[in-house]
Enquirer: 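A single structure is presented below for examination.
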Amino acid sequence: MSGSLPGARAKWGPRNTSREAPISLKMYVSSGTFKLCDIGETREEKGSGQDILEMHPFLLTYPAFLTPSVSAFTKKPKTQTAEIGATVIFEAETEKTDVKVRWQRDSKDIASSYKYTISAEGNMHSLTINNIVQEDAVGYAVIAGVSKVKFELKIKESEEPKPEEPKEAPPAPTGSSASDTSGTVSDGSATEGLLESHQPDTRQDLTGLFTEKPQSGEVNVGENITLVARVCGESLLKKPTVKWFKGKWMDLASKSGKHLQLKEHYDRNSKVYTFEMHIIAAKANFAGGYRCEVSSRDKFDSCNFDLVVHGNKNNYISVCSCFVVRDSLLSYSSTDAGEDSGELDFSALLKKSTEPEVDVWEILQKAPPSAYEKIAFQYGITDLRGMLKRLKKMKKEEKKSAAFLRKLDPAYQVEKGHKIKLQIEVANSDAEVKWLKNGQEIHPTGRYLLRSFHLALNNMLMTICSLNIISNFKALMLCPHLERTNLDLLLNNFSSSHRYIFESVGNKRFLTINNCTLADDAAYTCMIGDEKTFTELFVKEPPVLIVRNLEDQMVMKGERVEFECEVSEEGAQVKWEKDGVELTRDESFKYRFKKDGCKHVLIINDVTKEDCGHYRVKTNGGQSLAELMVQEKQLEVYQNIADLTVKAKDQAVFKCEVSDENVKGIWYKNGVEVKPDARTHITHIGRIHKLTIDEVKPEDEGDYTFVPEGYAFNLSAKLNFLEVKIDFVPRQDPPKIHLDCMGRTAESTILVVAGNKLRLDVPITGDPAPTVVWTKGEKVGVLTDSDGRVHVESTKGHCIFTIEGAERQDEGVYSVIVRNPAGEDTADINVKVVDVPDPPEAPRILSVGEDSCVVQWDPPLFDGGQPVIGYVLERKKTKSYRWMRLNFDPYKETTYEAKRMIEGVAYEMRVYAVNTIGMSRPSAASQPFVPVAPTSEPTGLCVDDISDTTISLKWRAPERIGSAELEGYGVEYCKEGSDEWIPAFSGLTERTTVIVHDLPTGEKMQFRVRAYNMAGPSLPATLQQAVTIREIMQRPKIWLPRNLRQTLIKKVGEMINLVIPFQGKPRPQVTWTKNDELLDPKQVSIRNSDTDTILFIRRSERKDSGKYEVQVQIENVEDRASVNIQIVDLPGPPQNLKVIDVWGFNVALEWKPPKDNGNCDITGYTIQKADKKTMVNPNLQICVFAKMENCILFCSFPVSLTESYCTYVLLEYICQVLLVIKLELRERFPHTDPLVSRSVIAGYNATLSCSVRGIPKPKITWYKNKMDITNEAKYRMFSNQGVLTLEIRKPCPFDGGVYMCKAVNDSGEDVVECKLEVRRKYMPLTQELPRNLHSNS
């Protein structure tokens, strides 16, 4: 049977070192064996569950069940044994098919290779290890989700005998087949029969801070061993903190010494931190479980490992025997090491102390805080919080230092690059002072300068000479008349170049650190003999700012993208995010991070559509955001290939131009790929692809096609072979021009792109050879070679006209005239020069939205001779230099809505015009604009007031304002049934209330309000229904305040200010009267408004008492209210005071009431007595009682029979109370009912009660075990008529102890105490176990 202990609190996952963290527990009960497990630590106890609970009662204090986790594996790989050279297959089966499974070797992931084969089919996963060698005999693991199963591969060695087990080794746990010294457990070990949730939690392997974890090891007694942990610091912004622990709570930093040394170093090339723990001359008690924890800001990782010391009989006595309650766990921070430091054994803490009782508080008061937990554990103190509170209240006597008059402050802080000065005062001005940094003495070298300001000038010069700084002060020593100020200036200039400076001024000693760096962040010590004073210097690193922000980018799919930013400091750590998710280096090297001084670059290789999004770079001082847009590649054809007609021996050139210069292509003739040869040449230069055929032959005629690689389209043209047949005629032939494109029709027009060469090759015939003349129009005349761009050439059978770099003015009709003696012939050739269009005018921004804008532009003035097929738009941030294209396909309209912009950022837009020839130059940039959205509509629009010609409206601000400031509100109105809205006033108002004037009386009007910002007006907020402009009659009503409904009592001279609100429409008339007479305005001020009336009297007098009445009236309707005011003054003295009788310590007095009672009833009298001789009243006795009709009082005083006294009777304005006269007002009090010891059951509220009396009222304080519990939330204190009650909420066994109640007043104190025992209610163990844990029993 296996189960978990009820009431235990479990927390699965990596260890948390915080003090409040719950302890991770597991309990197994099987065959009379009780096993407590913490992560990496196990203790076994023999006996029944009831026996174990009695031995460990603290286990019952945990309030929740341990919840076992669900395993992700239905079949686990098992440890196998194989021979060298063989092949081994490990198989695992997961519960689900979509679970990602990882295989590990020595906690490092395994990738598929020739050595390892990883396969997955459905929910079956396997790992194949080929050609096994000796090095493969290590630990392996398979991970799925948060479940991890470890196993081993063992090498079979038949020739060597198996070594015997050491005699000292304890028997293996029940059900185990093999011991595992490395901390891993095979499937056949003790955990095979248990749920996977009961196995040690190893999820810390998934956090990834460790690049190399410390491994379990073995060592013989007296030998040395080194344990190494490595952490990658490339992704960390701060140096990680590493702690080494033995067991659960022993911090090994406090044990550094002759047996233990902790070292660390940092490799700047690999950016890896290495932490080492050296165990020297190991002892038998060093064996046990260890833990290494690493933390860096919000990241945390831990690793458990074991150390086996051979020759030790107690190897398997786990550190868990020192298991303590979670509230008593504190971490040690002391680094002092004594001679015996390094001893890792703390079993002595478990021994029962046989020494006589000692004062624990005295020990704690003298001990350092790092030793509190050890002392509390040794002396059985469980309430650590209460202990710390009591120690805080106790005044600790500080031992005065004999060497220091003033010590260093506990800590100092300085910003990086600034100067800090550490100061002390010494008792002996001649004492030698030593300064240490991290325990290392700072020796005076060339870096340090010793100055003594109390020396004379000559002594200072000698001091300079003694420091061998003659070269810097040579001129100074040759000039003894140099002034002191010049000397100080020279010293200051010299010291400013040194980082550390020692100074001595009288009894003061200074250590100055100039230009502080992060290396100066350390602990500093000042020593005089054996006395020390410590401090810690914290160097605050200034925030890293982003100097140059990221730029938005738009790229094509498959390209490489670089986001670059510049920060204010070299070597600063930055973090890259995509859509809020941090980017890291992955196995595919998708993202690369580059640093170059202050520049940081994010490189994305082979971008895809999934890479679109917002990229952010963060530092500790700022952040920058940019957007990446990825477009699919669409190849555009800028120039298509054209049909050619050539003659024999001529050259044929097919030419095309595409948008991507990296695109390759293949040429085909009649479907057959064209191969280059001596006559055929294929060239690719930039975006231009050419196929050139020299000396064309009839077999070259056919269809030619160019196919771009990777695109599903082609470009085709036809080559026509022109065969010229000339018949021999012995007679002369007239000249003839052979052209198919003569005339001025569109079909016969020759197009040439501006900038290209215009070549007109005209075939001609004639015998004899004719002369050729070229002309253009009537104005230009005959064209010759005089112009450098024009060339005219005549060959046999051809006349060629060429213009280099055609321009727009070359457009027109060209005429060629051929003549010979037999005649002439003329032909006209229409040439049209086409070009890219002119740039459009600067675009206009019509409107803006939250992340968009609407832009409009005009077509270009000149379309380049070809119709404009569309436009291309670009945008950029105003402060940036990078333009980002918004569309790749030409956009045909002249209005475009640009989206995906960042609200609140200023942008500019520009436009390109595109025709069949190409793309124009960009237009001028638009005016800068900021994408902002109009606010939401105002809320809560309602009518506040209305009259015959006005209306008062009020509303609340919009719920969403946006990034732009709210400029104001506009109010409009219209008549019911009309759509013509009229502004209520010119401009905008910033208030949320408005009064609209000059409205037609009796009309039904509708009103609406809109909020305005930079983006324009918001949606209107409209009244639900139309309002009739007519004043509404309201009856007058006075709202008399509650405090004025009773008589208002004021003292003479006080100010009276009565504010009485009322209502009524139209404005009512207000009238004040006093005792049915109108008020005198010289004595009383009256102020009236639309909603209230105020009566004001600056200094009241007794004649102002009376009944005041206020009346509000509208026409014949009125309302009234009255206020009674009573002005009171001090009464006159009592009359005819006399003594009626005196007996013993008593006296009887009689007097008559005063004539003037001060305008109020007499509520009581005060009697005073004094020594008649001196008339001094050292012990004033005050007796207060109710008014008596006969004014007779019998009272007692502590008087002497030989002395005479005087008695006074005074009147007081006090509340009526019962007569209280006692012999003494100061009385020491006993506890009339003491506390009684009790025994209660855990979980039920308990109370302790006692009673007390005393004058004056005593102060009550409750204590538990002599510790103040007044401010503890677990306890509640009550006091009722002298009965004191302490309530303890749901007590547990730890609440048992001695409780004490202490009462203190000026006369003394009294204490009562009792003992409280909290009993535990036991239940059978089988009833407390969860049902789901009985399945394996």
Enquirer: Before you tell me yes or no, could you show the steps for I1167 and L1149 under side-chain contact (heavy atoms from CB on, under 4.5 Å), namely the whole-Å CA-CA distance, both residues' side-chain angles and the distance that decides it to 0.1 Å?
Expert: CA-CA 10 Å; I1167 295 89; L1149 304 177; 4.2 Å; yes
Enquirer: Return the minimal non-hydrogen interatomic distance between R1289 and A1273, and the atom names on each side.
Expert: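 Nearest heavy atoms, R1289 then A1273: NH1-O, 3.9 Å.
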Enquirer: List the atom of T1285, the atom of S1249, and the distance in Å for their closest heavy-atom pair.
Expert: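 For T1285 and S1249, the tightest heavy-atom pair comes out as OG1-OG, 3.6 Å.
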Enquirer: Between T533 (side chain only) and L408 (backbone N and O only), is there a donor and an acceptor less than 3.5 Å apart?
Expert: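 The answer is yes, because a donor-acceptor pair under 3.5 Å joins these two groups.
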Enquirer: Would you please name every residue forming a salt bridge (charged side-chain N to carboxylate O under 4.0 Å, His left out) with K1274, sequence neighbours left out?
Expert: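 K1274: salt bridge (charged side-chain N to carboxylate O under 4.0 Å, His left out) contacts with D1295.
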Enquirer: To the nearest 0.5 Å, tell me how far L364 CG sits from Y379 OH.
Expert: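 Taking CG in L364 and OH in Y379, the distance rounds to 9.0 Å.
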Enquirer: Without swapping roles, check the side chain of D409 against the backbone of A411 for a donor-acceptor pair under 3.5 Å.
Expert: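 Not confirmed, D409 side chain does not pair with A411 backbone.
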Enquirer: So V242 and C292, side-chain contact (heavy atoms from CB on, under 4.5 Å) or not? Walk me through it.
Expert: CA-CA 7 Å; V242 170; C292 179; 3.8 Å; yes
Enquirer: Does the side chain of W244 come within less than 4.5 Å of L260's, by heavy atoms?
Expert: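 L260 vs W244: side chains apart.
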Enquirer: Could you measure the distance from the NZ atom of K1264 to the OH atom of Y1275? Nearest 0.5 Å is fine.
Expert: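 Answer for the NZ-OH pair, K1264 versus Y1275, is 4.0 Å.
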Enquirer: Is any side-chain heavy atom of L388 closer than 4.5 Å to one of Y372?
Expert: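 Answer yes - side chains close enough.
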Enquirer: Please enumerate all residues that pass side chain to side chain donor-acceptor pair (under 3.5 Å) together with E536, with sequence neighbours excluded.
Expert: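 Per chain and number, E536 pairs via side chain to side chain donor-acceptor pair (under 3.5 Å) with no residue.
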Enquirer: Can you confirm whether Y1299 sits close enough to I1288 that some side-chain heavy atom of one is under 4.5 Å from a side-chain heavy atom of the other?
Expert: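 Sidechains of I1288 and Y1299: in contact.
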Enquirer: With a 4.5 Å limit on heavy-atom distance, are the side chains of I1269 and M1277 in contact?
Expert: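 The answer is yes; the side chains approach within 4.5 Å.
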Enquirer: If you compare all heavy atoms of E1309 against all heavy atoms of K1302, which two are closest, and at what distance to 0.1 Å?
Expert: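 Answer, listing the atom of E1309 first, then K1302: OE1-CE, 3.3 Å.
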Enquirer: Using the rule given for side-chain contact (heavy atoms from CB on, under 4.5 Å), can you reason through E1313 versus Y1263, listing the C-alpha separation, both sets of side-chain angles and the distance that settles it, and then say yes or no?
Expert: CA-CA 9 Å; E1313 63 181 23; Y1263 297 88; over 6 Å; no
Enquirer: Do R291 and S302 meet the criterion of a side-chain donor-acceptor pair at a distance under 3.5 Å?
Expert: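 Side chains of R291 and S302: no pair found under 3.5 Å.
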Enquirer: Do NZ/NE/NH1/NH2 and the carboxylate oxygens of R1238 and E1317 come within less than 4.0 Å?
Expert: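 Here R1238 does not pair with E1317 in a salt bridge, since their nearest N and O are not under 4.0 Å apart.
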Enquirer: What distance do W1262 atom CH2 and C1301 atom SG have between them, rounded to the nearest 0.5 Å?
Expert: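 Between atom CH2 of W1262 and atom SG of C1301 there are 4.0 Å.
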Enquirer: For the side chain of N1245 and the backbone of K1290, is there at least one donor-acceptor N/O pair under 3.5 Å apart?
Expert: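 Yes; judged by distance alone, with no hydrogens or angles, the pair exists.
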Enquirer: Please say whether more than 12 non-hydrogen atoms of neighbouring residues, nucleotides or ligands are located less than 6.0 Å from OH in Y1244.
Expert: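 Count not over threshold, so no.
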Enquirer: Just verifying a value: how many Å separate N1265 CG and M387 CE, rounded to the nearest 0.5 Å?
Expert: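 It is 13.0 Å, given to the nearest 0.5 Å.
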Enquirer: Give the C-alpha distance, both sets of side-chain angles, the deciding distance and a yes or no for side-chain contact (heavy atoms from CB on, under 4.5 Å) between D1268 and T1261.
Expert: CA-CA 7 Å; D1268 188 359; T1261 308; 3.7 Å; yes
Enquirer: Tell me the closest heavy-atom pair linking V1318 and I1241, and the distance in Å.
Expert: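 Closest pair (atom of V1318, atom of I1241, distance): CG1-C, 4.4 Å.
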Enquirer: Looking at residues at least two apart in the chain, or sitting in another chain, which of them share a salt bridge (charged side-chain N to carboxylate O under 4.0 Å, His left out) with R1276?
Expert: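 Partners of R1276 under the salt bridge (charged side-chain N to carboxylate O under 4.0 Å, His left out) test: E1287.
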Enquirer: Say you draw a straight line from OG of S1239 to NZ of K1315; how long is it, rounded to the nearest 0.5 Å?
Expert: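 Reported to 0.5 Å precision, the distance equals 12.5 Å.
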Enquirer: Between V1252 and A1303, what is the shortest heavy-atom contact and its length?
Expert: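 Residues V1252 and A1303, closest heavy atoms: CG2-CB, 4.1 Å.
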Enquirer: Quick one: OG on S1251 to CG on L1284, what's the gap to the nearest 0.5 Å?
Expert: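 S1251 atom OG to L1284 atom CG measures 7.5 Å (nearest 0.5 Å).
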Enquirer: Using every non-hydrogen atom in the two residues, find where F245 and E293 come nearest and quote the distance to one decimal.
Expert: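 Residues F245 and E293, closest heavy atoms: CE1-OE1, 3.5 Å.
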Enquirer: Among V1236, V1298, L1248, find the one that has a side chain to side chain contact (heavy atoms under 4.5 Å, CB included) with C1314.
Expert: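 Looking at V1236, V1298, L1248, the match for C1314 under the side chain to side chain contact (heavy atoms under 4.5 Å, CB included) is L1248.
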